[in-house]
Amino acid sequence: MNSQALMDTAKALAAGGKGILAMDESNPTCNSRFRKLGIPETVEARRAYRELLLTTPCLGDCISGVILFDETIRQTRKDGTPLGEVVIDAAMIPGIKVDLGAKDLAGYPGEKITEGLDGLRGRLAEYFLLGARFAKWRAVIKIGESIPSRGCIEANAQALARYAALCQEAGLVPIVEPEVLMDGDHTMGRCGEVTEVALRTVFAELSAQRVMLEGMVLKPNMVIAGLACSAQNPVEEVASATMQCLRRTVPAAVPVIAFLSGGQLASDASAHLNAMNEGYKSQLPWALSFSFARALQQSALEIWRGYDTQVFLAQQALHHRAACNQAARRGAYTPEMEMMGVRTGKEEDQ
Ligand code: 13P
């Protein structure tokens, strides 16, 4: 295992105040987002959309790495350049989703286990040759009346840890993503309790599987009320609850925490990230960054709708969201940026 290379990659993913663009939706997820907007659910439409995202001018000023789906890393730009090369040419690091999705967990109705460990060592070796330098595995934890169960949390934590160890062996930085879902009407307090247990369990398993914490990225949910909860908390409360949870559970050796957006409005995700950096950054051992999918892409997708004539505007929308979140990393995001667009100055390394 080349520990130095792993640590360098993990650091590079947080450098320059930049964040990660997650564009690794599986085909069914991508198709369902296309369907809602009347975009054809075809290989070519998915390729064209991913080309649009990756060729956004100056994206590499705000985005350090992109997470690709297996189909995408094997596709090319219209001129024949592999999309993985397009990422590297734009000064970004290619990453790859390697889990095979969340499936029903036997014996635990309503809960999921993420699959994909079988044959993973071989797939990781191939992705490394295709240029990937980091990977992602997403575990899904649902809050309900009597869930999550201990069995679900432990099974998912163990899978995450085994995946992470295999990634490091293969020279890929693992993004470890235990996502407590926003689906449901639970309170922010309940989300905090569940997230705390989930993260404690994940770090115990990472330690048991000898994962080098300096060479990984944690991708957690923010501590936030369920989407159907009538009591939504102000931005500062979400920031403080999230910080309390992470400080209790995440070892200082982890270099980067890159949040998922989880279905929040794009502007809310930026405001929450901003509040955490503004209020707590100077006291934290880890960089607080973003690895958003919907909160970066949604406006661009809605503008594009499959039309070539809309590509430029869609790319502007993506760049704007990336720049808003880069500003949020330094606590410099303001709601006014939503109206006017923001500059993309290169920021100090962190
Ligand atoms: P969202 O930001 O849309 O939650 O997606 C992040 C992600 O990568 C899910 O695995």
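Heavy-atom basis, side chains included; hydrogens, waters and symmetry copies ignored. We number each residue from 1, following the sequence as shown. Counting starts at 1 for both ligands and their atoms, in listed order.
More than 12 heavy-atom neighbours from other residues, nucleotides or ligands sit within 6.0 angstrom of CZ on R47.
Of the possible polar contacts, none joining the T195 side chain to the G192 backbone as a donor-acceptor pair under 3.5 Å is found. The backbone N or O of E154 sits nowhere less than 3.5 Å from a side-chain atom of T201 that would complete a donor-acceptor pair. Side chain of Q168 to backbone of M212: a donor-acceptor contact under 3.5 angstrom is found. Between the side chain of D185 and the backbone N or O of S230, no donor-acceptor pair lies under 3.5 Å.
Ring geometry, Y49 versus F34: the interplanar angle exceeds 60°, so the pair is classed perpendicular (tilted spans 30 to 60°).
Contacts between R138 and ligand 1, counted as non-hydrogen atom pairs separated by less than 4.0 Å, involve the side chain only. Here A22 has side-chain heavy atoms under 4.0 Å from ligand 1, and that is the only part of it that gets that close.
Between A293 and ligand 1, at least one N/O pair is under 3.5 Å apart. Taking distance alone, with nitrogen or oxygen atoms compared against 3.5 Å, S291 stays at or beyond that limit from ligand 1.
Each of the following atoms of ligand 1 lies closer than 4.0 Å to a heavy atom of F292: 2 (O).
Inspection of the Q297 and R33 side chains reveals no N or O donor paired with an N or O acceptor under 3.5 Å.
The protein atom (non-hydrogen) at minimum distance from atom 3 (O) of ligand 1 is R294 NE, 2.7 Å. Looking at atom 2 (O) of ligand 1, its nearest protein heavy atom turns out to be S261 OG, 2.5 Å.
Heavy-atom distances between K136 and ligand 1 reach below 4.0 Å in at least one pair. Ligand 1 lies within reach of K219, whose nearest heavy atom is under 4.0 Å from it. Using a 4.0 Å cutoff on heavy atoms, G262 counts as a contact of ligand 1.
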